[in-house]
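These notes are about the structure you will find just below.
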Amino acid sequence: MERLRHDDPSHVGPYVILARLDTESTERTVPERRYLGRTADGERTALVCVPRVGADPSRWAIEAEGARRLSVPRFLRIAEVGGTAGFPWYAAPYTPALPLPAVLAAYGGPLPEDTVRRLGAALAEALTAAHAQGVTHAGLSPAAVLVTPGGPVLACFGAVRAAAPDGTHRTGLPGLDPGCLAVEQASGGRPRPLGDVFALGAVLAYASTGHTVPEQSELPPGLRMLVGSCLSSDPAARPRSAQEVLGELVSPGAPAPSKDPYAQAGTVLDHGAVPLPGRVVAALAAQSAALLSAELPAPHQPFASPQKVH
């Protein structure tokens with residue numbers, strides 16, 4: 001939860017904007033401006049998103065409306081879409097959430113391998129469900145992963161499509177993390193499921209090392225082969241599907257935090273649960289507390305001329 005800047009909106013739709021979600025240091029690779037807001041009556045608190053300055057608002061609005069219509073597990077649930085042609089917005093019900101870069105900052109560095117595996121398995125499961133519906137996320141990056149007390153949620157749906165139309169070179173476009181763009185997408189190709197697999201590999205790399213384009217030696221030994229294959233420039237050399245990545249992440253060879261065989265079985269099979277390190281839980285609690293205590297700006301009082309005193 002970051003302080004607002006002078007160029008941030010004070011209101012978006014019915015929401016009074018209270019804070020930014022992303023830090024200034026990470027916003028270069030965030031494809032939209034994300035805020036925490038509350039209705040003037042105090043009844044609803046939401047994650048409120050608007051396009052980046054300089055983005056095409058019409059393409060962004062198309063992807064926002066597409067995301068609203070989706071019903072995919074672990075995709076951010078968009079409740080409202082509104083605004084004008086020049087300034088569209090969407091809102092999702094608030095739950096404490098930290099973008100993956102903020103999670104690493106709260107933890108103090110890369111996450112433990114078991115946490116990375118569980119996080120990645122939950123994301124792979126979400127992509128598997130989306131791909132089964134014929135939907136490509138086309139926006140997966142560390143910034144798109146919002147870690148909540150209930151596990152990760154995928155935001156920034158369609159960011160690659162919104163940034164530039166098919167056939168347009170996308171490398172270097174603001175808001176897109178180049179390390180998460182598969183070669184075929186960076187050169188303007190239509191986003192496809194294997195592009196999501198590439199981006200998932202980049203997210204696993206980021207969670208494990210702190211950046212999306214690591215050296216092989218930086219990755220945990222247990223993840224090197226999987227992440228390396230996901231990040232292949234040749235789509236045919238990547239895992240064939242998000243389902244295949246999921247299988248690799250929850251395979252019996254995955255490390256377990258306990259030598260107890262029953263605990264290991266839980267690690268392998270219960271990939272829906274993502275236990276968070278204590279410092280991350282504390283950061284989520286701090287965000288929630290700060291937002292709950294944030295006061296709405298006092299309404300402007302009409303100017304009253306001074307009365308004469310006799």
Side-chain angles (χ1 to χ4, degrees), residues 26-34 49-70 72 75-76 78 81 83-90 123-124 126-145 154-206 211-213 228-245:
T26 62
E27 65 181 13
R28 182 182 62 84
T29 53
V30 182
E32 54 198 8
R33 291 182 287 162
R34 304 190 287 196
C49 302
V50 301
R52 288 177 63 99
V53 174
D56 184 325
S58 61
R59 284 202 302 267
W60 186 91
I62 289 171
E63 296 300 333
E65 176 60 25
R68 187 187 68 82
R69 295 171 181 269
L70 290 176
V72 178
F75 273 35
L76 181 69
I78 295 177
V81 173
T84 63
F87 188 75
W89 57 269
Y90 72 76
L123 297 176
L127 292 175
T128 297
H131 296 166
Q133 296 182 28
V135 173
T136 302
H137 184 276
L140 180 55
S141 69
V145 178
L154 271 175
C156 304
F157 176 79
V160 172
R161 290 184 292 262
D166 294 347
T168 303
H169 202 281
R170 298 183 174 109
T171 301
L173 290 178
L176 296 183
D177 186 331
C180 296
L181 275 177
V183 173
E184 65 273 17
Q185 290 186 355
S187 60
R190 180 182 178 184
R192 298 185 183 279
L194 285 181
D196 281 350
V197 169
F198 181 97
L200 178 57
V203 167
L204 292 172
Y206 181 87
H211 44 272
T212 54
V213 189
S229 63
C230 287
L231 294 178
S232 173
S233 59
D234 179 4
R238 296 172 202 155
R240 291 170 294 178
S241 65
Q243 177 78 48
E244 188 172 313
V245 177

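- Between Cys180 and Ala199, the closest heavy-atom pair is O-CB, 3.6 Å.
- Pairing each heavy atom of Ala242 with each of Thr128, the nearest pair is C-OG1, 3.4 Å.
- Here the closest heavy-atom approach between residue Phe198 and residue Gly179 is recorded as CE2-O, 3.5 Å.
- Taking Ser232 as the reference, Asp234, Ala237, Arg238 meet the side chain to side chain contact (heavy atoms under 4.5 Å, CB included) condition, with sequence neighbours excluded.
- In this structure Ala164 satisfies the side chain to side chain contact (heavy atoms under 4.5 Å, CB included) test together with Thr168, Arg170, Leu173, sequence neighbours excluded.
- Under the ring pair (Phe, Tyr, Trp, His ring centres under 6.0 Å) criterion, Trp60 pairs with Tyr90, sequence neighbours left out.
- Taking the side chain to side chain donor-acceptor pair (under 3.5 Å) definition, one finds that Ser187 meets it with nothing, sequence neighbours left out.
- For Ile62, the side chain to side chain contact (heavy atoms under 4.5 Å, CB included) test picks out no residue, with sequence neighbours left out.
- Closest of all the heavy-atom pairs between Pro191 and Val160 is CG-CG1, 4.1 Å.
- The shortest side-chain heavy-atom distance between Leu154 and Leu127 falls under the 4.5 Å cut-off.
- Listed by chain and residue number, Glu244 satisfy the salt bridge (Lys or Arg N to Asp or Glu O under 4.0 Å) test with Arg240 (two or more places apart in sequence, or in another chain).
- In this structure, His137 contributes its side chain and Ala159 its backbone to no donor-acceptor pair below 3.5 Å.
- Separation of atoms CG (Asp177) and OG1 (Thr212) is listed at 4.0 Å; rounding is to 0.5 Å.
- Every residue two or more places apart in sequence or in another chain that forms a salt bridge (Lys or Arg N to Asp or Glu O under 4.0 Å) with Arg59 is listed here: Asp56.
- Among all heavy-atom pairs drawn from Val183 and Ser233, the shortest one is CG2-CB, 3.8 Å.
- With sequence neighbours excluded, no residue forms a side chain to side chain donor-acceptor pair (under 3.5 Å) with Tyr206.
- Applying the side chain to side chain donor-acceptor pair (under 3.5 Å) criterion to Arg52, with sequence neighbours excluded, gives no partner residue.
- Residue Leu200 holds its CG atom at 12.0 Å from OG of Ser141, rounded to the nearest 0.5 Å.
- Ile78 has its side chain out of reach of Phe157: every pair of non-hydrogen atoms, C-beta onward, lies at least 4.5 Å apart.
- In this structure, the side chain to side chain contact (heavy atoms under 4.5 Å, CB included) partners of Pro193, at least two apart in sequence or on a different chain, are His131, Thr136.
- The side-chain heavy atoms of Leu140 and Val145, taken from C-beta on, include a pair separated by under 4.5 Å.
- For Glu63, the side chain to side chain donor-acceptor pair (under 3.5 Å) test picks out Arg161, with sequence neighbours left out.
- Inter-residue side-chain proximity for Thr171 and His169 is flagged as met; some heavy-atom pair is nearer than 4.5 Å.
- The two residues Asp166 and Gly189 have their closest heavy-atom pair at OD1-O, 4.1 Å.
- Residues meeting the salt bridge (Lys or Arg N to Asp or Glu O under 4.0 Å) test with Arg28, sequence neighbours left out: none.
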